[in-house]
Protein chains: 2
Amino acid sequence: MTKARKAVLEVLGTAERPLSASEISSLVSHCCDPVTIYRTLHYLEDKGLADSFVLHCTEHGTERYFTLLAPGEASYAHHHWFHCEHCHQFIDLGDCRIGTLVDAYQEELGIRVTGHTLYLTGVCPACSSLGRNGQEHDHRGHESQSE
Amino acid sequence: MTKARKAVLEVLGTAERPLSASEISSLVSHCCDPVTIYRTLHYLEDKGLADSFVLHCTEHGTERYFTLLAPGEASYAHHHWFHCEHCHQFIDLGDCRIGTLVDAYQEELGIRVTGHTLYLTGVCPACSSLGRNGQEHDHRGHESQSE
DNA sequence: AATTTTTTGCAAATCACTTGCATTTTCGAT
DNA sequence: ATCGAAAATGCAAGTGATTTGCAAAAAATT
């Protein structure tokens with residue numbers, strides 16, 4: 001196990017939220033080059049040790065976010081996330097709850113599903129209670145749909 | 001209504017699958033610049049007329065895909081999609097079926113959900129029946145719907 | 001420890017997408 | 001229909017995330 005991989009596993013394992021390559025990169029900048037972070041993340045995803053999704057947020061732009069995925073360990077199972085459009089923080093939605101739905105699709109359509117991406121966006125409780133209801137600098141939202 | 005917007009609405013309305021900016025761009029290249037396509041897509045999404053999600057596929061890389069969304073018209077409601085990792089085509093999963101789940105999350109966590117992204121990936125029936133269950137290096141697979 | 005294999009760092013490239021700005025188009029009011 | 005303000009477009013150049021080539025460095029093998 002290389003130093004870089006150890007470091008990335010460390011930060012991913014400690015963080016309780018998805019991290020982007022750039023966040024990881026700055027968290028372990030003392031140890032390795034950004035390019036290595038990208039390569040390491042590919043490696044981890046390839047080995048089934050990490051999970052990722054692409055999300056666009058007005059503050060950080062479009063980036064891929066990663067979480068650890070340790071087979072067997074409940075705390076590292078495949079989760080889904082909510083992303084607050086205001087404070088740009090993630091809220092853990094817990095273990096995946098669409099297994100049944102995915103199975104239904106497989107049966108109905110004869111497809112074989114090997115992966116899925118699901119995340120929600122909106123306003124978190126903290127931002128809501130601060131009166132940030134999303135009507136302010138909200139560029140594209142009004143319905144409970146999309147993206 | 002400008003020529004560019006008319007053209008983009010036309011191709012999006014005709015396509016029965018999500019289209020990326022670059023696909024749209026080449027479909028209407030006779031009419032306008034790629035930059036205009038991007039601006040038009042932002043415009044449509046802003047107006048709630050289009051829906052999008054970012055998907056990475058080995059053949060086309062990471063791109064944002066768009067579909068029309070016409071309020072009222074059933075055929076243009078918010079859908080979800082399956083993407084075949086092999087032939088790289090989309091299969092329509094029909095109207096969104098996670099409304100209840102989203103409501104549950106809202107109640108449980110006190111979040112206000114204004115948008116979500118969901119798509120599935122795997123192997124489509126056609127590719128499966130051709131014995132392609134993994135990731136080979138072939139595109140231009142079988143023929144099915146549009147193109 | 002010597003050899004082979006894999007990983008890393010750096011520089012430069014790619015790719016999707018965005019921005020600045022001057023030039024059209026569109027559109028509402030005349 | 002026409003004029004002028006406001007919005008949209010094209011082109012060139014810029015961003016920012018991610019990738020790639022290649023030689024040096026670190027791991028894994030023997």
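All chains are named by letter (A, B, ...) in the order of the sequence lines, taking the proteins before the strands, and each is independently numbered beginning at 1. Nothing here was measured: the structure is a model prediction, and the numbers come from that model.
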Self-check item: Neighbour count above 12 (heavy atom, 6.0 Å) for B:Glu107 CD
Solution: no
Exercise. Taking atom types as modelled, find out whether B:Thr58 and B:Glu85 have a side-chain donor-acceptor pair closer than 3.5 angstrom.
Key: no
Quiz item: Pick the nucleotide of DNA chain D nearest each of B:Cys32 and A:Ser22; which residue has the one closer to the 5' end?
Solution: B:Cys32
Quiz item: Out of D:dC22, D:dT18, D:dG10, which nucleotide sits closest to the side chain of A:Arg39?
Solution: D:dC22
Quiz item: What nucleotide, of C:dA11, C:dT19, C:dT8, holds the atom closest to the side chain of A:Val35?
Solution: C:dA11
Quiz item: How is A:Thr62 classified with respect to the nucleic acid when contacts are heavy atoms under 4.0 Å: base, sugar-phosphate, or nothing?
Solution: sugar-phosphate
Practice problem: Please check the phosphate of D:dT19 (OP1 and OP2 only) for any side-chain N or O of A:His42 closer than 4.0 Å. | Solution: yes
Exercise. Starting at atom CG of B:Leu55, determine the distance to atom C1' of C:dA16, rounded to an integer number of angstrom.
Key: 14 Å
Nucleotides 24-29 of chain C: which of its N/O atoms have a protein N/O under 3.5 Å away?
residue: C:dC27; atom: OP1; partner: B:Met1; partner atom: N; Å: 2.5

Quiz item: Separation of B:Asp46 atom CG from D:dA8 atom C1', in whole Å?
Solution: 15 Å
Exercise. Calculate the interatomic distance between B:Glu63 atom CD and D:dA17 atom P; express it in whole Å.
Key: 18 Å
Quiz item: Reckon A:Tyr38 has a side-chain N or O less than 4.0 Å from the OP1 or OP2 of D:dT19?
Solution: no
Quiz item: Between C:dT7 atom C1' and A:Lys6 atom NZ, what is the distance in whole Å?
Solution: 14 Å
Self-check item: Donor-acceptor pair between A:His78 and A:His116 side chains, under 3.5 angstrom
Solution: yes
Exercise. Looking at every strand, decide which applies to B:His56 at a 4.0 Å heavy-atom threshold: base, sugar-phosphate, or nothing.
Key: nothing
Practice problem: Kindly point out which of C:dG9, D:dA17, D:dC11 is positioned nearest to the side chain of A:Asp33? | Solution: C:dG9
Quiz item: What does A:Arg64 touch in the nucleic acid at a heavy-atom separation under 4.0 angstrom: a base, only the sugar-phosphate, or nothing?
Solution: sugar-phosphate
Self-check item: Proximity to the side chain of A:Tyr43 - top-ranked nucleotide from D:dT9, D:dA17, C:dT7
Solution: C:dT7
Practice problem: By nearest nucleotide on DNA chain C, pick out whichever of B:His60 and A:Pro34 is the more 5' one. | Solution: A:Pro34
Quiz item: Using a cut-off of 4.0 Å on non-hydrogen atoms, how would the nucleic acid contact of B:Arg5 be classed: base, sugar-phosphate, or nothing?
Solution: sugar-phosphate
Quiz item: Closest approach of B:Gly13 and B:Tyr76, non-hydrogen atoms and distance?
Solution: O-OH, 3.1 Å
Self-check item: Under-4.0 Å salt bridge between B:Arg64 and B:Glu23
Solution: no
Practice problem: Send over the distance from A:Glu59 CD to D:dT15 P, rounded to a whole Å. | Solution: 20 Å
Quiz item: Between B:Arg39 and B:Glu45, is the closest basic N to carboxylate O distance under 4.0 Å?
Solution: no
Self-check item: B:Phe90 ring center near B:Tyr119 ring center (under 6.0 Å)
Solution: no
Practice problem: Would you kindly give the CG-to-P distance between A:Leu41 and D:dT18, to the nearest whole Å? | Solution: 9 Å
Exercise. Over all heavy atoms of both residues, which pair between A:Cys127 and A:Cys84 is shortest? Give the atoms and the distance, please.
Key: SG-SG, 3.7 Å
Quiz item: Over how many whole Å does the gap from A:Phe66 atom CZ to D:dA17 atom P extend?
Solution: 13 Å
